[in-house]
Enquirer: 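I have a structure I would like to understand better, so I am pasting it below and will then ask my questions one at a time.
Both ligands and their constituent atoms are indexed starting at 1 by order of listing.
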Amino acid sequence: MIPYGRQWIDEDDIKAVVGVLKSDWLTQGPVVNILEKALAEYCGAKYAVAVSSGTAALHLTCLAAGIKDGDEVVTSPITFVASANCLLYCGGKSVFADIDKDTYNIDPAEIKKKITKKTRAIIPVHFAGLPCDMEAIKKIAEEYDLMIIEDACHALGAEYRIQNSGLRTNEEWIKVGSCSHSDMTVFSFHPVKHITTGEGGAVLTNNEKLYEKLLLFRNHGITKNPEKFTNKDLAFSHNPESLIHNPNPWYYEMQELGFNYRLTDIQCALGLSQLNKLDKFVAKRRDIASLYSEAFKKIECIKTPVELETKKSAYHLYVLQIDFEKIGKSRDRVMIELMEAGIGTQVHYIPVYMQPYYGNERNYKKQRCTVAEQYYSKALSMPLYPKMTDVEVTKVINSVKGCLNV
Ligand SMILES: Cc1ncc(COP(=O)(O)O)c(C=O)c1O
């Protein structure tokens, strides 16, 4: 069976995990910091906070951004539900702006239409690994004083160039995760993603205040930093000379309602070992994507993912748009036939507002996004993971062509 996505674990990954299992630390120990530093350096950001999942990372960003009851945040309907759920956890409301018909990313012009007095932030999702138009999104955020939280769960290793002005193009490639055009960026380390820690994720930022909030919320809102203690009477002994430097040895302070979103040293050892191979993994994903595009681009009823000069996708997903009506075969039939041929495909995604929870409980039915719905009706993700062999890629291509009769 060729699944639509899967991890690649080597002996060196196993060795790294075993190394931690034999050490003194299983939960949060020294490897967490090492992974955070390596990730921040890779992306070109100042700070990284490793957490227990991409969903936890999104939740933390909303807490750090101060999203609360009644606040609105604009995001894409073509994403995993977590990109929108994180707002609801904080009492906020997700507002869906339609996608661009070619990139399938949130359309900046549509974001602008959705802004109200209650809007506090924008969560662009780099769908399938292709960076959003961050320059345009940042411009809107500056105009309306909004925060930007990048959902980059699909885009570790992706890069973009900015159009400085007019026709002049800056040659410098910017890594998604550098937070050059945002306040915070979120990654997921789920096994189908670019690198894995089993479950896991991270938030990156260049803002020290946000960084400190993220650390606080990750660990129950508890701080052990004497400089941050607010309740001096409880925190310090009454000898005035010992103030600041000698807090009571048992003392810690809970200053916010936080969570246990910690990632373990065991997982971070795996993440660190995987991070060393990230560039190889992304290169492999891009190679497979170009083989698919070469094979499918001239077929009339199929649209392949767009390639842009200013963006390098990290290709978490390879989504074909297939005109099932013209082909005369329904999507479920195609998926079943491919499954019978040993090929796993998937649909990314049902527009979030179509989910019963959003539609029924929260009356999101009115928030229709026409382009997103057209996209959804034709979407089919092909298998894509770095360990795929050329023989497997060829098998997928031939089976899809055979099944669609093209
Ligand atoms: C776009 C997007 N955001 C958030 C998440 C949540 O990440 P996790 O599964 O690590 O919680 C995912 C996971 O698939 C995702 O695809």
Enquirer: Return the residue, atom name and 0.1 Å-rounded distance of the protein heavy atom closest to atom 16 (O) of ligand 1.
Expert: H154 NE2, 2.9 Å

Enquirer: Counting non-hydrogen protein atoms only, what is the nearest one to atom 4 (C) of ligand 1? Give residue, atom name and distance.
Expert: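 Residue, atom and distance for the closest contact: C153 SG, 3.4 Å.
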
Enquirer: Relative to the heavy atoms of Y349, which atoms of ligand 1 are at a distance of less than 4.0 Å?
Expert: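 Reading through ligand 1 atom by atom, the close ones are 16 (O).
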
Enquirer: Side chains of L210 and M184: closer than 4.5 Å at any heavy-atom pair?
Expert: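 In short, these two side chains touch, coming nearer than 4.5 Å.
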
Enquirer: Nearest to atom 11 (O) of ligand 1, what protein heavy atom do you find, and at what distance?
Expert: T55 OG1, 2.5 Å

Enquirer: I'd like to know if F187 contacts ligand 1, where contact means a heavy-atom distance under 4.0 Å to any ligand atom.
Expert: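 Distance cut 4.0 Å: F187 fails for ligand 1.
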
Enquirer: Does the ring of F187 carry K193 above it, NZ/CZ under 6.0 angstrom from centre and within 45° of its axis?
Expert: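 K193 over F187 ring: no.
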
Enquirer: Is there a side chain to side chain contact (heavy atoms under 4.5 Å, CB included) between K387 and K284 once you walk through the steps?
Expert: CA-CA 8 Å; K387 215 176 177 184; K284 210 47 222 299; over 6 Å; no

Enquirer: Cation over ring, R286 on Y292, under 6.0 Å and within 45°?
Expert: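 That pair does not qualify as a cation-pi contact.
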
Enquirer: Just jot down the ligand 1 atoms closer than 4.0 angstrom to any heavy atom of L58, in number order.
Expert: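 Answer, ordered by atom number: 4 (C).
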
Enquirer: Would S83 count as a contact of ligand 1 if the rule is a heavy atom under 4.0 Å away?
Expert: yes

Enquirer: Between H190 and ligand 1, is there a nitrogen or oxygen pair with a distance under 3.5 Å?
Expert: no

Enquirer: Quick check with a 6.0 Å cut-off and a 45 degree axis cone: is K311 positioned over the face of W173's six-membered ring?
Expert: no

Enquirer: Applying a heavy-atom cut-off of 4.0 Å, say which part of T79 lies close to ligand 1: side chain, backbone, both or neither.
Expert: side chain

Enquirer: Do the non-hydrogen side-chain atoms of T185 and C43 ever get within less than 4.5 Å of each other?
Expert: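 T185 does not reach C43 side chain to side chain.
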
Enquirer: In the protein, what heavy atom is nearest to atom 8 (P) of ligand 1, and what distance, to one decimal place, separates them?
Expert: G54 N, 3.5 Å

Enquirer: Please verify whether a non-hydrogen atom of E199 lies at under 4.0 Å from ligand 1.
Expert: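 No, E199 has no heavy atoms under 4.0 Å from ligand 1.
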
Enquirer: Find out whether R120 and E72 are in side-chain contact, i.e. whether some heavy atom of one side chain is under 4.5 Å from a heavy atom of the other.
Expert: no

Enquirer: Tell me, which protein residue and heavy-atom name are nearest atom 14 (O) of ligand 1, and how many Å apart are they?
Expert: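 Result: K193 NZ, 2.7 Å.
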
Enquirer: Applying side chain to side chain contact (heavy atoms under 4.5 Å, CB included) to L215 and Y47, what does each step give before you reach the verdict?
Expert: CA-CA 11 Å; L215 292 178; Y47 309 104; over 6 Å; no

Enquirer: Tell me which protein heavy atom sits closest to atom 12 (C) of ligand 1, plus the residue, atom name and distance to 0.1 Å.
Expert: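 Nearest protein contact, heavy atoms only, for atom 12 (C) of ligand 1 is F80 CD2, 3.6 Å.
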
Enquirer: Determine whether Q355 and Y349 satisfy the following criterion, side chain to side chain donor-acceptor pair (under 3.5 Å), listing intermediate values before the conclusion.
Expert: CA-CA 11 Å; Q355 295 292 350; Y349 293 95; over 6 Å; no

Enquirer: Identify, by atom number and element, the atoms of ligand 1 in contact range of D151, meaning under 4.0 Å from any of its heavy atoms.
Expert: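 Those of ligand 1 that fall under 4.0 Å from D151 are 1 (C), 2 (C), 3 (N), 4 (C).
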
Enquirer: Check if G200 has a non-hydrogen atom at a distance under 4.0 Å from any atom of ligand 1.
Expert: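 It does, in that a heavy atom of G200 comes within the 4.0 Å cut-off of ligand 1.
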
Enquirer: So which protein heavy atom does atom 9 (O) of ligand 1 come closest to, and at what separation?
Expert: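 Here the nearest protein heavy atom works out to S188 OG, 4.1 Å.
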
Enquirer: Before giving the answer on side chain to side chain contact (heavy atoms under 4.5 Å, CB included), spell out for L216 and I222 the whole-Å C-alpha distance, their side-chain angles and the decisive distance to 0.1 Å.
Expert: CA-CA 6 Å; L216 200 64; I222 288 175; 5.9 Å; no

